[in-house]
Amino acid sequence: MTAPITTWEAMRSFSRDNSVTRQRLAPGLVRRIARYAKPYRKDIAGFLVLVAVAAGLGIANPLLFKAIIDNGIVPGNLHLVVWLAVAVAGVALLDAGLSLLQRWYSARLGEGLIYDLRVEVFDHVQRMPVAFFVRAQTGSLVSRLNNDVIGAQRALTSTLSSVVSNVLSLVIVLATMFALSWQITVIALVMLPLFLLPVRWIGRRLQRITREQMKQDAEMSSLMTERFGVAGAMLAKLYGRAGEESGTFSQRAARVRDMGVISAMYSRVFFIALTLLASLATAVVYGMGGGLVLAGAFQLGTLVAMATLLNRLYGPLTALSNVHVDVMTALVSFDRVFEILDLRPMIEEKADATELPPDSADVEFDHVAFSYPASDEVSLASLESVARAEQTPAHDVLHDVSFRAEPGQMIALVGHSGAGKTTITHLATRLYDVNSGSVRVGGHDLRDVSLASLYATIGTVTQDPHLFHDTIRANLAYARPSATEDELLEALRTAQLGELIAELPEGLDTVVGDRGYRLSGGEKQRLAIARLLLKAPSIVVLDEATAHLDSESEVAVQRALKTALVGRTSLVIAHRLSTIREADRILVISDGRIAEEGTHEELLARNGGYAELYRTQFAPRPGDGHAHVVDARVDGARPVRANGEHSAAAGTGLRGELGAQVNGAVPAGPA
């Protein structure tokens, strides 16, 4: 191994944060790592053999130089000089071949382990409940899949090979040096503190600079991530803050620039210090060894070999002096990955789970009580932005809730925000498990059925449906990958999107943009309904599916929903009471309890909480004697403005964008 490479490796080792050595590791961590390494034991053995051979090869050239001088040049044996020079070239070629083989083994080991860990972590995280994702930071999870997995991989490649190589090199070089001249070897070891102390002094400062540099990089990246998203970019434009945002980014980028300059200078000083001290040590060896050669204590070739070996002594010693930081960094990365894998999902499928019949269409809540889990039950403090213990004890969100939705019935859930409506739908889809009582579908307790069969039976449309940054086709086919193009188009037509798709030049292959931002709110909702129709579930859950829509979009969505709900059991949450007048039964939820239950007419006649909510939305406006305009939406008529004019479409979406492109204008984006 050449001196410059060793110098850069030492610098990287000293730049690591040594605070990692103070972390406590889980017991049995090394044994657990060994289990992950077991499938690669043959590759690891071959890799270590190559590392050992390469380390032993490090003393070949100094000994060949000694032989060339003492046995070839000094006695004038040209034939021997030529053959030894050929041997030096052969060693160089062998070293190059070993280096390539080491890299191949290292890549096989490293990439194989990264693949194994990433797939296992991703699969495990996918099986975590929604409560986990509510609390965990996305960035922290991605970091576990990227940075920590790669850090764990280094334990079996870079760190392992570095430790083995440096230890073997140190032992072989020291043994050879003592065999050649114990006097110069002792002098070289005595000089070691003078070599290491400045390196450690600079290394500690380099660690602090590296920590600050990583912090500044993270802040700059966070700013870019937020401002480059559609929502962040739109907010900056709407508030006219583009100039201020550029100024803020400029300041953070300037700090990154300044820290980069400081880091580069300290790195160069570190490199120069190592090189300079190695050169000074070589000068001392030549000065003292030269005197011994002149005194006849040993030959000139021995002196050259000792000076060459000296460069191979200080490099491994420097690297090994800080190797505990490298080892702990790798082990902590493994520990952080295992921390995720050891977090058990709250929602687990039983080993003997039964398959829910596909035609199951009734939903029953039987004396259900529920409280949301505490943070330590569903997540990890290290994955949350603010890690603190919650002092507030958990309290029930639902109390003794019982009702039954017969096949084909629409059950509407109404009530004030925070009453528990969405919680009921979460329990119906088993995003959470009840604390007491039971939720049954088709007569089967949800805790006894397989999750795959449950999710095949129930479909959900939320008020803000998620769309992938992909084509309309891909977003639709997510519900049923085997669907034909005709089936996709039929689902779109049923969801009132057929006309729009026909107008788009790319048709189904139109990209909807980040989170569907190229679509208007109504178009997104109808695409989500088309996806639901393609799935064809027996039970449908609608959580404020028409919220935040303009009047015309709401009408289109209502028409799509009317088709989607035909023959299906449905649980519908709605703040706009006009959307659930035709429900078979309306449940008024208040403080986690069913306060009232009945049809629209029955509840109005009782003059209770539902009637109060209804009057709030449909009370006559002062001075006009007419009901609120929302009442006109019940029959699907085009809404009328206060002045009697029909309103225009509020959402731009892909239709508006297409029109802007036809007219040569730049699209303004969705409304």
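Heavy atoms only: backbone and side chains are in, while hydrogens, waters and symmetry mates are out.
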F178 atom CZ, neighbour heavy-atom count above 12 within 6.0 Å = yes

note = OG (S263) and CD (Q216) are apart, to the nearest 0.5 Å, by 12.5 Å

inquiry  = Donor-acceptor pair, distance only, cut-off 3.5 Å: does the side chain of R312 make one with the backbone of G58?
reply    = yes

ask   = Do the side chain of H124 and the main chain of P345 share a donor and acceptor less than 3.5 angstrom apart?
value = no

ask   = With a 4.5 Å heavy-atom cut-off, do L160 and L48 have their side chains touching?
value = yes

key: Closest approach of F47 to S161 (non-hydrogen atoms, all atoms of both residues)   = CZ-CB, 3.4 Å

ask   = Would you call V512 and T471 a side-chain contact if the rule is heavy atoms closer than 4.5 Å?
value = no

ask   = Taking everything shown except M224 itself, do over 12 heavy atoms lie less than 6.0 Å from its CE?
value = yes

request  = Say whether, by atom type as modelled, one donor and one acceptor occur between the side chain of S250 and the main chain of S246 under 3.5 angstrom.
outcome  = no

ask   = Looking at CZ of F65 and OG1 of T308, how far apart are the two atoms once the value is rounded to the nearest 0.5 Å?
value = 6.0 Å

ask   = Mind checking whether M288 and I184 have side chains closer than 4.5 Å, heavy atoms only?
value = no

message = If you define the side chain from C-beta out and look only at heavy atoms, does anything of I69 sit under 4.5 Å from Q299?
response = no

key: L180 to M306 - nearest heavy-atom pair and separation   = CB-SD, 3.6 Å

remark   = Rounded to the nearest 0.5 angstrom, the CG-CG distance for N71 and N77 is 8.5 Å

query = So, do V332 and R336 sit near enough that their side-chain heavy atoms are less than 4.5 Å apart?
reply = yes

query = Looking at CG of D509 and CD1 of I472, how far apart are the two atoms once the value is rounded to the nearest 0.5 Å?
reply = 9.0 Å

task = Looking only at non-hydrogen atoms, find the nearest pair between L310 and A188 and report the distance.
result = CD1-CB, 3.5 Å

query = Do I59 and L309 have side chains that get closer than 4.5 Å, going by heavy atoms?
reply = yes

ask   = Just wondering, more than 12 heavy atoms not from M259 lying within 6.0 Å of its CE?
value = yes

inquiry  = How long is the straight-line distance from CG of D342 back to CG of D335, given to the nearest 0.5 Å?
reply    = 8.5 Å

query = Would E348 and R127 pass as an ion pair if we require N to O under 4.0 Å?
reply = no

task = Compare all side-chain heavy atoms of I33 with those of L29 and state whether any distance is below 4.5 angstrom.
result = yes

query = In this structure, are over 12 heavy atoms from other groups packed under 6.0 Å from W104 atom CH2?
reply = yes

request  = Could you tell me whether the side chain of T510 and the main chain of G507 form a donor-acceptor pair under 3.5 Å?
outcome  = yes

inquiry  = Which heavy atom of I44 sits nearest to which heavy atom of L109, and what is that distance?
reply    = CG1-CD2, 3.5 Å

Nearest atoms (heavy-atom pairs only) where N475 meets F468 = OD1-N, 2.7 Å

query = Y40 and D116: side-chain contact (heavy atoms from CB on, under 4.5 Å), yes or no, with the steps?
reply = CA-CA 11 Å; Y40 303 97; D116 292 344; 2.5 Å; yes

inquiry  = Can you give me the closest heavy-atom contact between E349 and L451, atom names plus distance?
reply    = OE1-N, 2.8 Å

query = Do the side chains of I68 and V88 get nearer than 4.5 Å, heavy atoms only?
reply = yes

request  = Find the distance between NZ (K66) and CG (L303) and round it off to the nearest 0.5 Å.
outcome  = 11.5 Å

